[in-house]
Amino acid sequence: MAYVAIADRDRHLHDPDTFITRYVWSQDHKVIAIQYGSVAIGAGLVALVLSLLMRLQIGFPETFSFITPYNYYQFVTMHGMIMVIYLLTALFLGGFGNYLIPLMCGARDMVFPYMNMLSFWVYLLSVIILMASFFVPGGPTGAGWTLYPPQAVLQGSPGTDWGIVLMLLSLVTFIVAFTMGGLNYVTTVLQARCKGMTLMRLPLSVWGIFVATILGLLAFPALLVAGIMMTLDRVVGTSFFMPALLSMGEASDTQGGSPVLFQHLFWFFGHPEVYIVALPAFGIVSDLLSTHARKNIFGYRMMVWAIVAIGALSFVVWAHHMYVSGMNPYFGFFFATTTLIIAVPTAIKVYNWVLTLWRGDIHFNLPMLWATGFIFTFIHGGLTGLFLGNVTVDLPLSDTYFVVGHFHMVMGVSPVMVLFGAIYHWFPKVTGKMANEVLGKIHFWMTFLGTYAIYLPMHYLGILGMPRRYYAYGQTDFISESAHDVNAGITIAAIFVATAQLIFLVNVVYSLLKGKTADPNPWRATTLEWQTPDTPPVHGNWGPKLPVVYRWAYDYSVPGADQDFIPQNHPTKPGEASVG
Amino acid sequence: MMTGLAIGLLLGVTVWWLIVQRLRDKPWTVHGVISGSQDGLTSSAPKVGLYVFLGMVASLFMIFASAYVMRMGHGHGELQEWHAVNEPALLWLNTAVLILASFVMQIAYHRAGRNEVEGTKRYFSAAGILTVLFLLGQVLAWRQLRAGGHYDHTNPAFSFFVLLTTVHGLHLVGGLVVLTRTAARLWHGLEKASVVQVAAVRQSVQLCTTYWHFLLLVWLGLFALLWST
């Protein structure tokens with residue numbers, strides 16, 4: 001295919017000239033990335049506080065009178081939804097996707113900068129709508145983050161007046177924002193790479209974000225469909241999901257609706273969503289491990305193919321969330337099989353990360369600590385997934401704390417490990433300052449050990465049969481006294497971990513004000529974002545000329561090279577195997 | 001299941017495309033600038049962006065269609081609350097209008113390709129007017145159904161009918177917004193425009209044409225689904 005280049009044509013690239021266009025209505029992908037990141041982290045802090053309130057209730061029941069059952073369900077729901085959608089999805093794709101894609105591909109900006117700007121503002125609107133539900137009559141919805149009908153819209157559940165409507169409206173708004181961002185990420189990767197940057201020379205971070213965005217574009221419509229139909233059930237009184245039922249002693253107007261249909265739609269989005277969060281984490285952690293072990297990533301091609309394979313398989317496993325939903329029991333066999341198949345490419349990735357470390361020159365600096373921490377938490381979370389993927393094992397464990405332990409390990413803690421690793425890794429490029437190493441290490445160890453103290457005991461509680469989503473357990477025969485002690489311990493660990501996140505915030509502020517000025521390429525990394533003429537990169541990223549790429553992203557410790565890394569834009573030397 | 005297969009098809013196309021993109025290269029053995037690789041932002045970026053968007057819209061309508069089929073299966077259970085909608089014959093006329101709109105849009109695209117500004121204007125605006133007619137026809141179809149008095153929101157078949165036609169109509173409205181913006185550029189300032197600006201307007205007409213053909217296909221699929229059930 002013949003490509004026509006227009007990037008370096010003599011034209012203005014939406015150059016900012018006022019404070020407003022530079023920092024507020026900015027079309028620069030780096031500013032948008034920071035805007036996305038700050039809002040996402042802000043929303044995440046709200047969700048963190050909610051989780052603490054929840055844990056206080058479970059750990060010390062009958063102590064905090066201000067936490068009612070009604071509030072408790074609202075905390076559970078909002079915590080889950082904010083963390084999954086408004087923090088993780090937004091931070092990985094809107095934050096890191098925006099910052100890294102143009103820089104790593106060697107582009108000046110996203111392909112559609114105006115739409116990119118709109119994407120952020122619509123995302124902010126969705127967060128505002130969501131947060132507004134805390135202040136409306138009845139408060140936010142307490143239907144659980146899965147929002148299952150009929151209880152999500154029936155009188156008696158918390159937040160059925162306004163909360164559920166605002167939640168659905170916020171989700172629809174978020175999907176609009178994601179679409180505008182997602183079109184940018186995919187099109188930029190496909191159409192704005194610099195000379196020499198073939199797809200197979202892209203860093204794995206870009207691959208992960210790219211495939212995750214495609215998943216999002218195909219899967220979010222399912223949530224949109226479910227959201228629109230549920231809104232109509234709630235507002236107009238249609239019967240898409242609402243069956244005929246007695247509510248508060250009165251027969252409802254609705255009849256024949258199918259709650260299981262909602263579950264199918266929700267999880268057709270919900271499972272790919274797990275990988276929308278996980279794939280960028282997989283990609284980024286590969287780059288962190290390779291850079292800080294000074295070794296090329298083991299099995300690059302296999303890593304790319306595994307990302308693509310996991311993405312494709314993630315669309316045919318959704319009903320493993322529904323083994324106890326009352327769907328056709330024969331479905332279980334099919335979905336258990338596909339679920340176990342998806343473990344194969346995932347295992348390939350884990351082996352390759354470990355083999356990348358094998359005999360590497362490992363530097364245990366901040367990003368590397370978090371990256372190796374991720375390998376631990378992800379293996380633990382992944383292995384418990386094998387238990388839950390089997391129908392017969394899942395049935396007794398379903399709706400117990402085993403499930404809570406599993407999914408927090410695999411898609412809570414693990415992506416967060418990568419997020420912090422990534423923040424510490426790119427902090428020097430984004431801010432021009434080095435993050436404080438001591439504070440960062442305290443942050444890591446408190447978080448890493450603390451999360452194990454939270455989630456490992458939950459697996460035991462689950463095997464004991466302790467059900468999740470309960471406000472209080474009271475005196476029950478099968479729940480021993482020691483289980484209550486474990487719950488108190490988990491709560492203390494949760495407070496410990498939350499405190500560690502304050503250290504992170506202190507570190508960010510402290511390093512911004514007093515941090516050491518960063519070298520343009522402090523980690524001696526090969527990828528393009530470290531080769532920009534300015535640090536932090538200025539508008540347009542590359543100065544007068546776009547970079548040219550001569551090699552893949554992982555030329556670390558190449559025998560015979562002058563240094564232990566060769567940047568991607570470093571021209572080929574005489575004698576090096578080359579083409580063109 | 002149907003949606004699974006359809007999404008599988010989309011993913012299959014993605015994987016096929018990736019294979020074509022030399023995914024079997026061994027990047028660690030090859031150095032230097034690979035000939036034929038792109039060099040910065042390409043002019044086909046808006047087209048690719050549109051295709052990606054259409055992939056998402058396709059996913060949306062396929063999921064709607066499977067929700068329709070699944071709900072219909074459920075509605076034929078004990079309660080028998082699914083009462084099939086007797087679609088008004090007006091829909092055939094609407095369909096013809098939309099086909100015509102798509103056809104006229106194609107002529108506008110050809111005129112734009114030959115730099116015939118007046119011809120482009122004429123056919124481009126005709127396509128817009130036909131689309132508005134289609135939308136009015138759809139609203140009329142709802143009113144006919146409502147006026148019959150047999151249908152309301154307690155019948156899921158009718159709810160789906162209104163929902164699906166609305167979502168399709170909203171996509172056309174979005175298209176009309178872009179069409180109006182492009183028309184504004186066609187009418188004002190093309191005389192003084194640079195070669196690049198003229199090429200941009202031509203590309204906009206081309207993108208509109210693709211979008212209209214796609215939404216026609218979606219409508220034909222929806223119409224077949226609604227009519228056959």
Side-chain angles (χ1 to χ4, degrees), chain A residues 3-8 107 111-112 179 183 186-187 190-201 214 217-218 221-222 224-225 228-229 232 236-240 244 253 255-258 261 264-265 268 296 300-301 304 308 312 315-316 546 548 550-552 554 572 576-580, chain B residues 3-4 7-8 10-12 14-15 18 21-46 48-49 52-53 55-57 59-64 66-67 70-71 74-75 77-82 153-156 159-160 163 167 196:
Chain A
Y3 291 107
V4 184
I6 53 176
D8 272 9
V111 171
F112 311 115
T179 306
L183 289 179
V186 172
T187 315
L190 292 179
Q191 296 290 303
R193 304 189 306 276
C194 69
K195 195 176 175 69
M197 181 63 92
T198 58
L199 284 177
M200 286 309 267
R201 281 177 173 176
I214 294 176
L217 290 173
L218 294 176
L224 186 63
V225 169
I228 292 173
M229 283 163 52
L232 291 173
V236 186
T238 51
S239 305
F240 291 119
D253 290 339
Q255 54 175 345
S258 168
L261 172 59
H264 278 296
L265 290 173
F268 190 77
N296 63 345
Y300 173 84
R301 269 201 309 179
V304 172
V308 175
F315 278 99
V316 286
L546 282 179
V548 178
Y550 297 91
R551 58 192 72 244
W552 72 329
Y554 300 98
T572 325
E576 236 181 326
S578 63
V579 294
Chain B
T3 310
I7 302 267
L10 277 178
L11 283 166
T14 314
V15 171
L18 287 171
Q21 294 288 320
R22 318 173 53 146
L23 228 65
R24 293 166 61 216
D25 280 356
K26 291 182 179 149
W28 52 93
T29 61
V30 182
H31 301 287
V33 177
I34 293 168
S35 60
S37 67
Q38 71 187 55
D39 179 6
L41 181 63
T42 65
S43 56
S44 51
V48 172
V52 175
F53 179 64
M56 185 186 191
V57 178
S59 171
L60 177 74
F61 280 102
M62 284 188 293
I63 290 165
F64 261 126
S66 29
M70 285 170 79
R71 180 67 184 83
H74 204 262
E78 278 173 34
L79 287 169
Q80 294 287 333
E81 81 288 355
W82 180 284
H153 64 266
T154 57
N155 178 8
S159 308
F160 261 115
L163 179 61
V167 173
V196 175

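These values consider heavy atoms only, across backbone and side chains, with no hydrogens, waters or symmetry-generated copies. Reminder, nothing fancy here: chain letters follow the sequence lines and each chain counts from 1. Note that the coordinates shown come from a computational prediction; the quantities given were computed from them, not determined experimentally.
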Problem set entry | Nearest atoms (heavy-atom pairs only) where B:A67 meets A:M229 | CB-CE, 4.2 Å
Exercise. Checking A:V548 against chain B: side chain, backbone, both or neither under 4.5 Å from a heavy atom?
Worked result: side chain
Problem set entry | Part of A:L265 lying under 4.5 Å from any heavy atom of chain B | side chain
Exercise. Is it true that a side-chain atom of A:R551 and a backbone atom of A:R201 form a donor plus acceptor pair closer than 3.5 Å?
Worked result: no
Exercise. Can you find a side-chain donor-acceptor pair between A:Q255 and A:S239 that sits under 3.5 Å?
Worked result: no
Exercise. Is chain A contacted by the side chain of B:F160, its backbone, both, or neither, given a heavy-atom distance below 4.5 Å?
Worked result: both
Seminar exercise, completed: Residue from A:Y300, A:F112, A:Y554 scoring the most non-hydrogen pairs under 4.5 Å with chain B is A:F112
Seminar exercise, completed: Nearest heavy-atom approach of B:G49 to A:L183 is O-CD2, 3.8 Å
Exercise. So, B:E81 versus B:T154: side-chain donor-acceptor pair below 3.5 Å or not?
Worked result: no
Seminar exercise, completed: The interface call for A:A312 against chain B, heavy-atom contacts under 4.5 Å, is both
